[in-house]
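On a predicted model such as this, the values are computed, not experimentally measured, just so you know. Here is how names work: the chains are called A, B, and so on, in the same order as the sequence lines, proteins then strands, and each is numbered from 1.
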There are 4 protein chains.
Amino acid sequence: MSDSLDQLNARLLQFAHERDWEQFHTPKNLVMALAGETGELLEHFQWLTAAQSATLSDEKKQQVAHEMADILLYLIRLSERLDIDLIAAANEKIAINAVRYPAEKVRGDARRAGEYDD
Amino acid sequence: MSDSLDQLNARLLQFAHERDWEQFHTPKNLVMALAGETGELLEHFQWLTAAQSATLSDEKKQQVAHEMADILLYLIRLSERLDIDLIAAANEKIAINAVRYPAEKVRGDARRAGEYDD
Amino acid sequence: MSDSLDQLNARLLQFAHERDWEQFHTPKNLVMALAGETGELLEHFQWLTAAQSATLSDEKKQQVAHEMADILLYLIRLSERLDIDLIAAANEKIAINAVRYPAEKVRGDARRAGEYDD
Amino acid sequence: MSDSLDQLNARLLQFAHERDWEQFHTPKNLVMALAGETGELLEHFQWLTAAQSATLSDEKKQQVAHEMADILLYLIRLSERLDIDLIAAANEKIAINAVRYPAEKVRGDARRAGEYDD
């Protein structure tokens, strides 16, 4: 992992330990918590137009930043529990996507992956 | 941001540009895509017991790593679109949570934040 | 419940029983499964404009109908496990919302509930 | 649709009309709102064991019932916008699942659908 994610991981480990919360942090529970935070992020955007979603007020942007932070924190916590290297996985996934979506084939087209198989 | 997230961000920007996909990457759409990936992560864990969720097979772990990678990648993409510093927001959120959940008050107790107000 | 939901509930109970799947249908697991299906629904809409989302092709509409069906089925299954009357709860919620969002106060305004407190 | 869902649909149409909220109720937005409510449902269950999730307190059960109601209401609202018959789609989906998961093949086994293809 990167230094920054490593530092966040260490802070989260200590945070959970001090509160005796490791017992709740099963991967299954952490996945649910991550998804719950994603729901909160959605709620900030659900009634906005695409244009409005790109021009948030400072107050709203701050709230959105904290929801995104919650997602990242659960992602880091989950990667620690499962012994997964997030950064390595992300680089792998970009490489996979580069093969799956060749630029010349999908330019300007955002259909779902499976739909290109036709 | 950290060096690793910066590098992923740069790769994602190039990826989107080569495919003329910036037009689809409104914050609203990226939030939906992030939530869609979270759904895929949930599906891997929905029928597992807590214990099973902590002892994934290598094959399953690889799949889970890639779903987590998708979430991270959309999180990075969204933070770029909204000009949000993910790492700074994550550190802020940990500081907020430390005040919100004092260790001596919540030890061993995982009720929801609001429920501590009682 | 309504007759139609009652009938679906009976079909689902039999379906689970014939497959010895009751053991997996804890409320926690069913909530995850419901959320996983919601993720699939999101994926159909994530790159569409608002206008495109209102004019789906017949094929896409069929797929969307089946994702919505999956959500309804898990909702029914969950209500059976928790002994909750979905229709009664829905009517209650509409009554609550009518008080929470007085027409004259929120007309043409879709900000989040909490934001009206200011 | 069933009478009960029809009645809820009529109440929701009137509710939206009185508040001039039809403008926000694009299928895309409704899907996001539905997913946001699913996130709230998840949050009620994320730290519970499977056993705890089956023995909710009356207060918690009431809260869960209202989150489930929100999901049902957005599902009905979305089906109206897209002209989809939810009950018919649900019956179709059960029939599809009966073929996809033959009882004798999947008894006591809850792996994901795709995994049975192997």
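- The only option from Arg77(D), Glu80(D), Arg81(D) that meets the side chain to side chain donor-acceptor pair (under 3.5 Å) definition with His25(D) turns out to be Arg77(D).
- Looking at every heavy atom in both residues, Ile94(D) comes nearest to Phe15(C) through O-CE1, 4.1 Å.
- Heavy atoms closer than 4.5 Å to chain C are found in both the backbone and the side chain of Ala98(D).
- When heavy atoms are compared at a cutoff of 4.5 Å, Gln46(C) approaches chain D solely by way of its backbone atoms N, CA, C and O.
- Between chain C and the options Asn29(D), Asp83(D), Leu30(D), heavy-atom pairs under 4.5 Å are most frequent for Asp83(D).
- Leu75(D) and Met68(C) get closest at one heavy-atom pair: O-CE, 3.5 Å.
- The contact between Leu41(C) and chain D is made by backbone and side chain atoms together, counting heavy-atom distances below 4.5 Å.
- Of the residues considered (Arg19(D), Arg107(D), Arg11(D)), Arg19(D) shows the highest number of contacts with chain C, using heavy-atom pairs under 4.5 Å.
- With chain C as the partner, the residue from Ala51(D), Ala88(D), Ala89(D), Gly39(D) showing the most heavy-atom pairs under 4.5 Å is Ala89(D).
- In this structure, the side chains of Gln62(D) and Glu92(C) come closer than 4.5 Å at one or more pairs of heavy atoms.
- Of the listed residues Leu56(D), Thr49(D), Val64(D), Leu78(D), the one with more heavy-atom pairs under 4.5 angstrom with chain C than any other is Leu78(D).
- Remark: the His44(C) side chain and the Glu40(C) side chain contain no N/O donor-acceptor pair separated by less than 3.5 Å.
- Of the N and O atoms on the side chains of Glu18(C) and Gln14(C), at least one donor lies less than 3.5 Å from an acceptor on the other residue.
- The heavy-atom pair separating Pro27(D) from Phe45(C) by the smallest distance is CB-CE2, 3.9 Å.
- Looking at Ser53(C), both its backbone and its side chain come within 4.5 Å of chain D, counting heavy atoms on both sides.
- For Leu72(D), the parts sitting under 4.5 Å from any heavy atom of chain C are the backbone and the side chain alike.
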